[in-house]
J.: 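If you scroll down you'll find the structure; I have some questions about it.
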There are 2 protein chains.
Amino acid sequence: MPSKTKQRSSILAALKNIDQPVTPSELLNYASINSPGLGIATVYRYLKRLVASSQVRKIEAVGVPPHYEIIHKKDHRHFFVCYVCEKLSAIKRCYNDFKDLLIDGYKIKSCEVIIYGECRECST
Amino acid sequence: MPSKTKQRSSILAALKNIDQPVTPSELLNYASINSPGLGIATVYRYLKRLVASSQVRKIEAVGVPPHYEIIHKKDHRHFFVCYVCEKLSAIKRCYNDFKDLLIDGYKIKSCEVIIYGECRECST
DNA sequence: TTGGATGCAAACGCTTTGCATAATT
DNA sequence: AATTATGCAAAGCGTTTGCATCCAA
């Protein structure tokens with residue numbers, strides 16, 4: 001079953017199943033269930049393609065490693081980083097556009113909002 | 001003049017003079033003018049302290065290396081990344097808070113907005 | 001048979017750390 | 001004298017790349 005050419009579909013399926021930001025190594029672990037022997041290089045190579053083709057979003061936040069997640073529509077999302085448990089999570093989809101932030105002559109392609117604080121579990 | 005213990009003041013002065021997001025190596029170059037022989041390790045070590053003490057903000061955006069900048073008040077800023085020239089810049093200070101994004105039980109400490117697109121120079 | 005996909009290991013670049021030295025108190 | 005700061009070089013770590021192999025068309 002783990003034919004050597006079905007690695008990409010395992011990676012993509014993993015991304016869709018998780019539907020939350022994940023790190024490359026987390027993705028490797030998850031996708032390896034269906035694709036034993038999958039290499040980290042393949043994960044990185046495919047993620048790069050997916051980002052380039054706007055199927056996947058790369059999220060870089062302070063204090064946590066880069067995360068990746070499936071893009072559903074032309075949405076953007078807000079992310080939350082807890083500085084106690086150091087976890088990154090998507091907090092909601094948001095269809096607001098940020099035209100009020102527009103500056104003359106600048107063309108907005110996408111927008112990323114990252115909120116840092118303390119999550120519910122760590123607040124109590 | 002370049003006594004071995006005035007390195008930190010050179011680094012801090014450079015950050016204040018620039019007053020724009022810079023990479024560690026850019027900061028090294030700039031601070032080295034007043035502190036020849038300054039090492040990159042000292043820059044990283046001091047930046048870490050400054051971030052920990054909330055004097056400096058670290059900005060991580062997709063496609064560009066991490067940048068650092070002086071924090072002026074309890075402001076937050078919006079950043080713009082041009083995907084053509086691949087430069088990151090601060091576009092304005094913003095004193096809005098993001099209470100509308102608040103979720104029950106979450107405590108917001110800070111918020112970062114990064115806009116990706118095409119800058120004025122690259123649009124023309 | 002030709003081109004793309006993959007795993008492995010080496011290479012890479014940024015960041016951190018160990019250690020000896022030097023400055024500060 | 002003890003503590004802290006520094007430069008250098010080595011180590012770390014995540015990511016990329018070269019290359020031989022494997023698979024698909």
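Each chain gets a letter, A, B and so on, in the order the sequences are listed, and its residues count up from 1.
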J.: To the nearest angstrom, how far is B:L12 atom CG from D:dT6 atom P?
T.: 12 Å

J.: Is the shortest heavy-atom distance from the side chain of B:L15 to the side chain of B:L47 under 4.5 Å?
T.: yes

J.: Which part of the nucleic acid, if any, lies within reach of A:P65 when heavy atoms closer than 4.0 Å are counted: base, sugar-phosphate only, or nothing?
T.: nothing

J.: Which atom names give the shortest non-hydrogen contact between B:P66 and B:P24, and what distance separates them?
T.: O-CD, 3.7 Å

J.: Just verifying a value: how many Å separate A:E112 CD and A:K58 NZ, rounded to the nearest 0.5 Å?
T.: 10.5 Å

J.: Please report, rounded to the nearest Å, how far the P atom of D:dC23 is from the CD atom of A:Q7.
T.: 11 Å

J.: Identify the pairs formed between an N or O of the protein and an N or O of nucleotides 16-18 of chain C at a distance under 3.5 Å, and give each distance.
T.:
residue, atom, partner, partner atom, Å
C:dG18, O6, B:R45, NH1, 3.4

J.: So do the side chains of B:Y68 and B:T23 get within less than 4.5 Å of each other, counting heavy atoms only?
T.: no

J.: Rounded to whole Å, please give me the gap between OH in A:Y46 and P in D:dT16.
T.: 16 Å

J.: Roughly how far, to the nearest 0.5 Å, is the OG atom of B:S123 from the CZ atom of B:R120?
T.: 9.0 Å

J.: Testing the basics here: between B:F80 and A:K107, what is the closest heavy-atom pair and its distance to 0.1 Å?
T.: CZ-O, 4.2 Å

J.: For a quick test of reading the model, state the closest non-hydrogen atom pair linking B:S54 to B:I71 and the distance between them.
T.: O-CD1, 3.5 Å

J.: Could you check how far CG of B:L47 sits from P of C:dC14, rounded to whole Å?
T.: 15 Å

J.: Please find the pair of heavy atoms, one from A:A61 and one from A:I114, that lie closest to each other, and give the distance.
T.: CB-CD1, 3.7 Å

J.: Compare every heavy atom of B:C82 with every heavy atom of B:C119, then report the nearest pair and how far apart it is.
T.: N-SG, 3.5 Å

J.: In whole Å, what is the span from the CD atom of B:E60 to the P atom of C:dC14?
T.: 14 Å

J.: Please list, in numerical order, the residues of residues 49-56 of chain A that have a heavy atom closer than 4.0 Å to any atom of DNA chain D.
T.: none

J.: Expressed in angstrom and rounded to an integer, what is the separation of A:L28 atom CG from D:dG14 atom C1'?
T.: 13 Å

J.: On the nucleotide D:dT6, are OP1 or OP2 found under 4.0 Å from the side-chain N or O atoms that B:T42 carries?
T.: no

J.: For B:K6 and D:dT6, what is the distance between atoms NZ and P respectively, to the nearest whole Å?
T.: 12 Å

